[in-house]
Amino acid sequence: QVQLAESGGGSVQAGDSLRLSCDASGRVLSSSIVGWFRQAPGKEREFVALVRWRGGSEIYAESVKGRFTIARYGVKNPIYLQMNNLKLEDTAVYYCAIGSQYDTDHRKYHIWGQGTQVTVAS
């Protein structure tokens, strides 16, 4: 059974950078899609970025385009979310997830990590 674990969250100042990691244990199908999502208090879970498990074909939410990068450096390495120039509105719990469809809808993803908190202060 595949399990995901996020790490790398923390408290930073606006304009700072963070790199989140998503480690997967177990056998992941090579055709899988890996997504990063986030959820702020009182808000719905929203799409951030996705990449194919084998790498490539990235998609980003408009709110993070140009600031965040999702990357996969080989199938034995974690999936990273590099977040630069963080803004107050990036504050949320960040989750990585695996799904079988190339889709930005979080409901299409069936394996989730426990999440990691990112807090951006002014």
Side-chain angles (χ1 to χ4, degrees):
Q1 185 175 354
V2 175
Q3 292 184 317
L4 301 177
E6 303 93 338
S7 60
S11 297
V12 296
Q13 302 286 350
D16 285 351
S17 298
L18 276 176
R19 189 177 75 168
L20 305 183
S21 297
C22 176
D23 285 282
S25 62
R27 185 176 181 179
V28 179
L29 294 176
S30 61
S31 59
S32 296
I33 306 300
V34 181
W36 281 99
F37 298 83
R38 65 187 182 187
Q39 189 165 18
K43 295 188 177 181
E44 293 188 358
R45 190 164 298 189
E46 66 172 356
F47 167 75
V48 175
L50 67 78
V51 68
R52 295 190 180 277
W53 175 254
R54 58 180 179 266
S57 303
E58 299 87 354
I59 296 178
Y60 297 93
E62 285 298 321
S63 59
V64 306
K65 198 173 291 185
R67 300 188 297 123
F68 290 12
T69 302
I70 186 171
R72 186 84 207 279
Y73 303 115
V75 295
K76 293 184 178 181
N77 295 326
I79 296 95
Y80 298 107
L81 184 68
Q82 177 67 43
M83 306 185 297
N84 298 330
N85 189 23
L86 283 161
K87 302 178 179 180
L88 298 180
E89 53 264 39
D90 295 320
T91 295
V93 177
Y94 284 72
Y95 300 89
C96 66
I98 287 178
S100 58
Q101 298 183 48
Y102 193 70
D103 203 303
T104 61
D105 185 345
H106 66 87
R107 294 168 294 184
K108 300 295 178 62
Y109 291 74
H110 54 279
I111 301 173
W112 290 82
Q114 81 288 350
T116 185
Q117 176 71 46
V118 172
T119 303
V120 184
S122 59

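Only a predicted model underlies this, so the values are computations on that prediction, with no experimental measurement involved. This chain uses plain numbering: 1 for the first residue, then up along the sequence.
- Distance NE2/His106 to CZ/Arg45: 7.0 Å, rounded to 0.5 Å.
- Residue Glu44 qualifies as open at atom CD: its count of foreign heavy atoms under 6.0 Å is 12 or below.
- The minimum heavy-atom distance between Thr116 and Gly9, with the atom names listed, is OG1-N, 3.1 Å.
- Residues Val2 and Ile98 share a closest heavy-atom pair of CG1-CD1, 4.2 Å.
- Taking 4.5 Å as the limit, every side-chain heavy atom of Cys22 sits out of range of all side-chain heavy atoms of Pro78.
- Separation of atoms CE (Met83) and OG (Ser17) is listed at 8.5 Å; rounding is to 0.5 Å.
- With hydrogens and angles ignored, the 3.5 Å screen pairs no side-chain donor or acceptor of Thr119 with any backbone N or O of Ser11.
- To the nearest 0.5 Å, atoms OG (Ser7) and CZ (Arg19) are separated by 9.0 Å.
- Remark: the backbone N or O of Tyr73 is not paired with any side-chain donor or acceptor of Tyr80 at under 3.5 angstrom.
- In this structure, the side chains of Val120 and Val118 come closer than 4.5 Å at one or more pairs of heavy atoms.
- Inter-residue side-chain proximity for Ser63 and Arg38 is flagged as met; some heavy-atom pair is nearer than 4.5 Å.
- We find the CG-CG distance between Asn84 and Leu18 to be 9.5 Å, quoted to the nearest 0.5 Å.
- In this structure, Thr69 and Leu81 have side chains that are not in contact, with every pair of non-hydrogen atoms separated by 4.5 Å or more.
- Applying the ring pair (Phe, Tyr, Trp, His ring centres under 6.0 Å) test to pairs two or more places apart or on separate chains, none has a residue in residues 10-29.
- Put simply, the side chain of Glu6 gets close to the backbone of Gln114: a donor and an acceptor are under 3.5 Å apart.
- A 4.5 Å side-chain heavy-atom check between Gln13 and Ser122 finds every atom pair outside the cut-off.
- Taking a 4.5 Å side-chain heavy-atom cut-off between Ile, Leu, Val, Met, Phe, Trp and Tyr, the cluster of Tyr109 extends to Ile33, Phe37, Phe47, Leu50, Ile59, Val93, Tyr95, Tyr102, Trp112.
- At distances below 3.5 Å, not a single donor-acceptor pair connects side-chain atoms of Arg72 with backbone N or O atoms of Val51.
- Closest approach of Ala92 to Gln117, counting heavy atoms only: O-NE2, 3.4 Å.
- Once rounded to the nearest 0.5 Å, the distance linking NZ of Lys108 with OG of Ser100 reads 9.0 Å.
- Within a 6.0 Å radius of CD in Gln3, no more than 12 heavy atoms belonging to other residues, nucleotides or ligands are found.
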Audit row: Arg52, Ser57, side-chain hydrogen bond (donor to acceptor under 3.5 Å, both in side chains) steps and yes/no: CA-CA 6 Å; Arg52 295 190 180 277; Ser57 303; 3.3 Å; yes

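- Nearest heavy atoms, Leu20 versus Trp36: CB-CH2, 3.6 Å.
- Note that CD of Gln82 is 12.0 Å distant from CZ of Arg67, once rounded to the nearest 0.5 Å.
- Counting heavy atoms from C-beta outward, Tyr60 and Ile70 have side chains that approach closer than 4.5 Å.
- Considering all non-hydrogen atoms of both residues, Val34 and Trp53 come closest at CG2-CE3, 3.5 Å.
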